[in-house]
Enquirer: 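Below you will find the structure I want to go over with you.
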Amino acid sequence: MSLAPPPLRNDCFALPAGVDWTPVDDALDHLRRNLTAVTAAEVLPLGQALGRVLAEDVFAARSNPPQANTAVDGYGFAGPAGEGPQVMPLSEGRAAAGLAHEGEVAPGQAIRILTGAALPRGVDTVILEEDVTCDGAQIAFHGPLKLGANTRRAGEDAAVGDRILTKGRVVTPADLALASATGLSELPVRQMLRVGVLSTGDELVEPGETAAAGQIYDANRPMLLALLAKMGFDAVDLGKAADDRAALRRRLDAAAEAVDVILTSGGASAGDEDHMSALLRESGAMQQWRIALKPGRPLALGIWQGTPVFGLPGNPVAAMVCTLIFARPAMGLMAGASWAEPQGFDLPAAFEKRKKPGRREYLRARVRNGQVEVFKSEGSGRVSSLSWAEGLVELADAAAVI
Ligand code: AMP
Ligand code: MG
């Protein structure tokens, strides 16, 4: 019997029918609705809190500034000052940052005052030293000057009891400044989400090993581990597993004990050697998503012994795009952070493209001279394109001519 190739389908150049493809937004909504924080809370000194997710809202323990003070070097007095030339006798002493001036400045008098100094009693207005002549006994300047000029009100930045930071926020260097300025020495944060990374495939060899014909070096694991660390997760190297179902099962069992989330790459489609998708299906909670996404299919999602598993595609480009678009916001929620939408901008395109309807596309891109360039090839095995790119162009699900 001769074997004939299958007949051409009349939709062979179109996408498979849209009905059973999950739009990217539906997939994201699903994750957003179903995932919650899994990490425990702890209290850390400010010096260790950078990059952590806040477990609670944070309130100022002290006002910033704590007292009204001067924003400039100059002379303080009771304002306002009227139009025209002003002459004021100088009061004894001076007020400097950290050195409270105990005395009261009498009405009509001025006192030498330095940036950051609390305003002495009797002072509510400061004239800049550059605008003043001084002979040691009195000062002269040209009015008018408004009441409160060149001063900062007590609590104008943050008042004691104000909510300064909200739960779910990832602590930034500036947040540490704000917390410290408002009298805090520690922050309520969540422990880091532990994310395990496992590569699968008989063809993979480790960096430094000798690669035989047909073998390739593992590109996904170093990339994903580094990406996760940069995202603020505790990235755990789970090594690589062969295309062997029993072995893979044992690896997943051990990983589920050790980490909060598992990212695997490879073996996520429906082929003979696609053991990840087969195992996740077997585990019962398998969601095999045919997401209307390019590149990025197939993404296998499941729960293995209570631990969520993202079965990423093996192709490095697809693995990275799926991590950025799906795994990142999902892991963020599990880490206790608020849902993070990637920031997008409309920019002039330095490329042309006709896009078919039906699935969302992400192109490896970078911005040069205010225009978006895309990589010369859309191949999903092009590791060099990931290194070249600095971001992604997102093309909406509908058809488009760019
Ligand atoms: P798979 O999803 O297992 O069918 O793999 C799809 C493609 O990605 C194949 O060409 C694999 O060799 C390749 N691939 C899978 N895992 C990796 C990896 N960790 N690093 C580089 N390429 C990989
Ligand atoms: Mg494979």
Side-chain angles (χ1 to χ4, degrees), residues 13 15-16 21 24 27 197-209 211-231 235 240 243 263-271 273-274 276-277 289-300 310-328 342 344 347 349-356 358-369 371-397 400-402:
F13 293 120
L15 286 169
W21 287 64
V24 170
V197 178
L198 179 71
S199 293
T200 73
D202 287 341
E203 72 278 33
L204 301 178
V205 284
E206 297 291 298
E209 284 179 7
Q215 293 189 311
I216 60 169
Y217 290 105
D218 185 345
N220 289 342
R221 196 146 45 94
M223 170 178 76
L224 294 173
L225 287 168
L227 195 57
L228 293 166
K230 267 196 127 180
M231 291 172 177
K240 69 176 158 64
D243 287 321
L263 298 192
T264 68
S265 66
S269 327
E273 293 298 332
D274 289 322
M276 268 314 299
S277 51
W289 281 355
R290 304 220 315 158
I291 297 174
L293 168 74
K294 183 185 172 189
R297 192 167 81 77
L299 176 62
F310 283 79
L312 303 168
N315 282 306
V317 173
M320 188 170 204
V321 168
C322 277
T323 302
L324 292 173
I325 303 303
F326 295 105
R328 179 184 207 164
L347 286 176
F351 64 96
E352 287 177 18
K353 184 181 165 69
R354 279 181 179 277
K355 181 192 168 296
K356 292 182 198 156
R359 50 180 179 168
R360 184 158 310 172
E361 284 192 35
Y362 292 95
L363 309 177
R364 282 140 274 167
R366 63 186 198 182
V367 178
R368 289 292 180 275
N369 304 315
Q371 299 198 323
V372 186
E373 301 174 351
V374 295
F375 192 66
K376 58 183 186 241
S377 157
E378 292 187 12
S380 63
R382 301 291 288 261
V383 182
S384 63
S385 69
L386 295 173
S387 178
W388 176 92
E390 295 166 1
L392 295 172
V393 160
E394 182 184 75
L395 301 179
D397 304 5
V401 180
I402 289 102

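Below, all heavy atoms of this structure are taken into account, side chains as well, without hydrogens, waters or symmetry copies.
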Enquirer: What pair of heavy atoms forms the shortest contact from Val372 to Phe351, and how long is it?
Expert: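 Nearest pair, atom of Val372 first, then Phe351: O-CD2, 3.4 Å.
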Enquirer: For atom CD of Glu352, is the number of surrounding heavy atoms from other residues, nucleotides or ligands below 6.0 Å larger than 12?
Expert: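 It does not: Glu352 CD has 12 such atoms or fewer within range.
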Enquirer: For the residue pair Trp21 and Asp397, establish whether any side-chain heavy-atom pair is separated by less than 4.5 Å.
Expert: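 No. Closest side-chain heavy atoms not under 4.5 Å.
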Enquirer: With heavy-atom distances below 4.5 Å as the criterion, would you say the side chains of Trp388 and Glu373 are in contact?
Expert: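 Side chain of Trp388 against side chain of Glu373, heavy atoms only: contact under 4.5 Å found.
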Enquirer: Which heavy atom of Gln371 sits nearest a heavy atom of Ala350, and at what distance?
Expert: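 It is OE1-CB, 3.5 Å.
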Enquirer: Apply the side-chain contact (heavy atoms from CB on, under 4.5 Å) test between Leu204 and each candidate in Lys240, Gln215, Arg221; give the one that qualifies.
Expert: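 Answer to the side-chain contact (heavy atoms from CB on, under 4.5 Å) test with Leu204 among Lys240, Gln215, Arg221: Lys240.
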Enquirer: Are Leu263 and Leu228 side-chain neighbours, meaning at least one heavy-atom pair lies under 4.5 Å?
Expert: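 Touching, per the 4.5 Å side-chain cut-off.
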Enquirer: At what distance, to the nearest 0.5 angstrom, does CD1 of Ile402 lie from CG of Leu395?
Expert: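 It is 4.5 Å, given to the nearest 0.5 Å.
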Enquirer: To the nearest 0.5 angstrom, please state how far the CG atom of Asn220 sits from the CE atom of Met320.
Expert: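 If I round to the nearest 0.5 Å, the distance is 10.5 Å.
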Enquirer: Using the rule salt bridge (Lys or Arg N to Asp or Glu O under 4.0 Å), only one of Lys353, Lys355, Arg364 pairs with Glu378; which is it?
Expert: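 By the salt bridge (Lys or Arg N to Asp or Glu O under 4.0 Å) criterion, Glu378 pairs with just one of Lys353, Lys355, Arg364: Lys353.
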Enquirer: Between CE of Met223 and CG of Asp218, what distance do you get to the nearest 0.5 Å?
Expert: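 Between atom CE of Met223 and atom CG of Asp218 there are 9.5 Å.
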Enquirer: For a quick test of reading the model, state the closest non-hydrogen atom pair linking Pro295 to Val321 and the distance between them.
Expert: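 Heavy atoms only, the tightest pair is O-CG1, 3.5 Å.
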Enquirer: Measuring from Ser384:OG to Lys376:NZ, what's the distance to the nearest 0.5 Å?
Expert: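 The distance works out to 6.0 Å.
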Enquirer: Is it the case that over 12 heavy atoms from other parts of the model lie below 6.0 angstrom from the CZ atom of Arg366?
Expert: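 Above 12, so yes.
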Enquirer: Can you find a heavy atom in the side chain of Pro313 that is under 4.5 Å from one in the side chain of Cys322?
Expert: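 In short, these two side chains touch, coming nearer than 4.5 Å.
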Enquirer: Taking atom CZ as the centre, does Arg368 end up with more than 12 heavy-atom neighbours from other residues, nucleotides or ligands that are less than 6.0 angstrom away?
Expert: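 Counting neighbours around CZ of Arg368, more than 12 heavy atoms of other residues, nucleotides or ligands fall under 6.0 Å, so yes.
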Enquirer: Using modelled atom types and a 3.5 Å cut-off, is there a donor and acceptor pairing between side-chain atoms of Tyr217 and backbone atoms of Glu209?
Expert: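 Yes, Tyr217 side chain to Glu209 backbone: donor-acceptor pair under 3.5 Å.
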Enquirer: Under 4.5 Å between any side-chain heavy atoms of Met231 and Leu324, yes or no?
Expert: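 The answer is yes, as the side chains (C-beta and beyond) meet within the 4.5 Å cut-off.
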Enquirer: Quick check against the 3.5 Å criterion: does Thr200 have a side-chain atom that pairs as donor or acceptor with the backbone of Gly266?
Expert: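 Such a contact is found between Thr200 side chain and Gly266 backbone.
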Enquirer: Might you point out which heavy atoms bring Ile291 and Ala27 nearest each other, and give the distance in Å?
Expert: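 The pair with the smallest heavy-atom distance is CD1-CB, 4.0 Å.
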Enquirer: Identify the heavy atoms of Ala365 and Val393 that sit nearest to each other, and give their distance.
Expert: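 Minimum heavy-atom separation between Ala365 and Val393: CB-CG2, 3.5 Å.
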Enquirer: So, do Leu386 and Phe375 sit near enough that their side-chain heavy atoms are less than 4.5 Å apart?
Expert: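 Not touching, per the 4.5 Å side-chain cut-off.
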Enquirer: Run through Thr264, Thr323, Leu198 and flag the one making a side-chain contact (heavy atoms from CB on, under 4.5 Å) with Leu312.
Expert: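 The single option meeting the side-chain contact (heavy atoms from CB on, under 4.5 Å) with Leu312 is Thr323.
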Enquirer: Does the Ser277 side chain pair with the main chain of Ser269, one donor and one acceptor, at a distance under 3.5 Å?
Expert: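 Yes; at least one donor-acceptor contact below 3.5 Å.
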Enquirer: To the nearest 0.5 Å, what is the distance between OH on Tyr362 and CD1 on Ile325?
Expert: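 Separation between the atoms: 4.0 Å.
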Enquirer: Over all heavy atoms of both residues, which pair between Gly379 and Val317 is shortest? Give the atoms and the distance, please.
Expert: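 The pair with the smallest heavy-atom distance is O-CG2, 4.0 Å.
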